Each structure stands twice: as C-alpha cells, then as structure tokens.
Amino acid sequence: MRRSFVILLLGALLPAGCLGTKPSLHLVDAVVEADVVWQGEVRIRGVVTVKKQGRVVILPGTKIVFEPVDRDGDGIGDSELLVEGALLARGTAEAPILFTSGAAEPKPQDWKYLYFDFAKEAVLEHVVSEYAYSGVQVHFCRATVRDSVFRYNVDGVRFSTVNIEVAGNRMIHNTHGLRYEERGSVASVHHNDIRNNDIGIFAVTRSKDKATIARNNLVDNRNYSVKLGIEQREDVTLPYNWWGTTDGEQIAAGILDRRIDPQLGRVLTPAPLTGPVDISRWREEKVP
Amino acid sequence: MKYLTRFFCGSLALLLALSIGVPHGSACVGKTLVIGSTGTVQQQVLAQLLAVLIAERTGTSVKVADFSGHAAVHEALVKADIDMYVEYTGVGQVEILRKEAIADSDALFKAVKEVYNQDLNLIWLKPLGFANKQEAPAGAPADAAPVVRKDTLKKFPALARLINKLGGRIDDATIEQLEKQAAGQPPHKVARGFLKQNRLI
C-alpha cells in the first residue's frame, strides 16, 4: 500500500520537475533523511521530521502550508515540521518564506509549530510564520532568527536551552510575542518589534538573568509588556528597550512581577530608550 | 535549472525516505489541562476562573468541558478524562461518597479531603470562600473547592500553590455578582475581569 502511494506521488512530481513548472509537495507524516530543496508550495499533513542526516533548504518565496488536523482533539492542530537535522530558510525582503495554515479561515494554533530540537543547523531569515501554536520553537541547539515576522500564533517565538540570536523580527498579534525558559541559554534578543500581543515577553521559568534582551520595541501589548511565570522567582533585567515611555511607573504598570505577586522575581528595566528602535539597523547598532 | 535538479533529487530522496516510517509526535506544546463543569452558570464561571488563572500564569493550554451533573464530572475526573473541577463538600460527602452528612463545615471538609485523597487519589484544595445553598444536601453545607487529580499535581508542581491563590477570595456576595455578570457576557470574560481586578493575572 505504501509502495503504491510512493509511486503515485513520484508520478505526480515527475512532470512538474521535467517541465519546469512550479513544483509542489504534499507530505503526510513523512521523514526527510537527505539533502532536499523546497520551493513553490509544500503542503504538510501530520508530522514531518527532518532527521539528523537530513538537510532542507527552503528557497525565497516558498509557501509551506500546514493542513489543519487535530487527531488528539486538544484544540491544537497536529501538523508540524520537526527539525533534528538542518533547516535553512533564507527568504528575502521581496520574497519571504511563508509558514501558514491551510484552513479556509485560518486562526491561531491551526498547526503546531516549526520545531528545532537538537538541530544541527537552524536558520530563519525573512520568513513569515503565522496561525501556529508556536511560530517557531527552538530547543537544545544553535539558531538564528532574523528579519522575520511571527504573527497570529499563541507563541510567536519560543525557546529554551539554546544558543540563539533573535534580531530584526516583528512579533505581532500573538498571545505571547516571545516566550522563553532560559535554562542556561545564551540568548541575544535585540532590535525586534514586539507589539500588539496579549503579552510581549513571557519569561516562564528558570531564568538566571543571563539572556540579553535589549534594544527592542516593547509597546502596545494588551495585558502586559513582560510577565513572569508562576515559578520565576529570580529577577529578570531588560535594559535599553523602548517601552513607549521613559516613565518608570508607567513601564512598571505593564509588568507582572513581584509588584503583583510577592513570590515572583522582579523585572528590572534600566536605561529605557527615549524613542523607538529602528529594527532594520540590527547589523550596525551594537547591543549594550 | 540547478535548483530544479536539486529539488528533483531531493524530492526523490524524500520520497524514498517516506517508506521508512512514521515519526514520533513531539511534546512542548505541553499537556492540555482539562477542567470540568456541571454546566450551571456558577460552575462555568468557576471552571473559567481556574482555566484563565492557569493559562495566564503558567502558559499551559487549558480546555473546559461541560458534563451532565456531579456524578458524570466526578467519573470523568476519576477516569482522568479531566484534571480538575470545583466540587461542593456536601455533594462530595453525600452524593459521591455516599456517606453520612456532616453539619460542621471544617469537619466536613477534613473528612471528604481525607477519603478522596486515600481512596481516589484526588486532592481537595483550599475552599474558595462560599457555599452553594441550592446544591447542599440535607444536613451538610456545600463549600466550594477545587478537586484535582493527584497525578496532575505531580506533573505540575506549581499548580496547587497557584490554584490556592483563589482560596477564600470568593465569598457569597462575590459569586452572586459573578453569576449576574455571566448573564450578560461569556464566563471566560467574567473570570478574566475578576482575576485582573484582584491582581491574580
């Protein structure tokens, strides 16, 4: 049965490759174990895993469409792209790479996530990731996430236990713009627009205040600019960010920390910037 | 052309890889917690209070499920179809455990808490602060308190401390007010408003 399926799918792809028309892949609970290049439209149903020996290069303008399936009935779509090998998604400003929902009326958590787990290479540049549970999750690897847009997700960008640079991105209209558990991460989060989310930054737990989160715009988030999780008892310092104001009381009013729950740590916001950050200048401007 | 060739080769490799097997389903969306309700307005508000509090403070996904009554929601809890719901002490003692009514509120709470823990692996957390007079069986008060599966509390060690922040915060007047609000807006909005006003989220 599976052999028949493979042959059928191969037959469908051959003319596309030979004629030079826009290629299209439809992957259902598949594994990738070789070097592949994706372009055109790639549809994913279920879990597609890029194994350790696999390497996926996604070309500018490619559209990755996750079909909405909820096999376990938890209200969260089960289609996902899990990367244990390498994934290099380098779009351009003119032709970004799109990760999106295949639903007729898309909504947050239609699909699960783009998930890097012990990945060998993790590069996202000029991508748009939308309508997922997490626009991207990165764990136990080195990663760069740059010049991208994460919108209409539960978590825009989420990481723990990583070496990561998150720069020049827009995290907008998510439940949490950025969600992280530091857990020994070497993280530099700078020159990002984190706005119009319910929560700008959610520091869930295990932060020892080592992550650098500076030169970001943290404005117009509906409930809080920054929130500490129930188990985050140590202070978190976010220097040199633009909060929409330099007034300490106004900044504090947008933060859930020890001022609201005495068992939590404090969020410290030294040296607030006096104006918005131009996020496109992340290559030129040094992060303090 | 080079890209197309690479694409084709890649596609072929991928297609061959398809035959190897189905990958695991991975975690880190985390388990979705399910909170039960007997479907009354009061129960829906209480379930949403728990749901919004947990989701907001821990980032865990939470769902609310309605059941036809106390026996049904209790059965779902025992079967691990749900993780918690708000029960009333008198109902737990008389209708669920089929034991004698106890008139003293503190003694009743202690009694149901002990039996639920020992016999059912269910934990009664701090009473919320009001009693449901309509659902109280003869001879026993019906103090509302969250009942949670013990294994859920083990998986989420901060959960008991978080839920107990609601302990004693909802008196008779408050629950009446919340129910009135729920006539004009969805229970989750009522719950969110209360939690925000009380600086719990």
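In the text below, chain A, chain B and the rest are named by the order of the sequence lines, each starting its count at 1. Note that the structure is predicted; figures quoted are calculated from it, not measured.
- For the pair Arg161(B) (side chain) and Ile230(A) (backbone), a donor-acceptor distance under 3.5 Å is present.
- Using non-hydrogen atoms only and a strict 4.5 Å limit, no part of residues 92-111 of chain B faces chain A.
- Heavy atoms closer than 4.5 Å to chain B are found nowhere in Gln109(A), neither backbone nor side chain.
- Between the side chain of Arg57(B) and the backbone N or O of Leu228(A) there is no donor-acceptor pair closer than 3.5 Å.
- Proximity to chain B (any heavy atom under 4.5 Å) is shown, for Ile260(A), by both the backbone and the side chain.
- Remark: the backbone N or O of Ile201(B) is not paired with any side-chain donor or acceptor of Lys227(A) at under 3.5 angstrom.
- Around CZ of Arg43(A), the count of heavy atoms belonging to other residues, nucleotides or ligands within 6.0 Å exceeds 12.
- Side-chain contact check for Asp261(A) versus Lys165(B): some heavy-atom pair is nearer than 4.5 Å.
- Lys63(A) NZ: 12 or fewer foreign heavy atoms inside a 6.0 Å radius.
- The contact between Asn223(A) and chain B is made by backbone and side chain atoms together, counting heavy-atom distances below 4.5 Å.
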Any chance you could lay out the side chain to side chain contact (heavy atoms under 4.5 Å, CB included) test for Ser61(B) and Asp74(A), step after step, and finish with the verdict? CA-CA 9 Å; Ser61(B) 298; Asp74(A) 66 354; over 6 Å; no
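- The 12-atom threshold is not exceeded at NZ of Lys189(B), counting heavy atoms of other residues, nucleotides or ligands nearer than 6.0 Å.
- Within a 6.0 Å sphere centred on NZ of Lys196(B), other residues, nucleotides and ligands contribute more than 12 heavy atoms.
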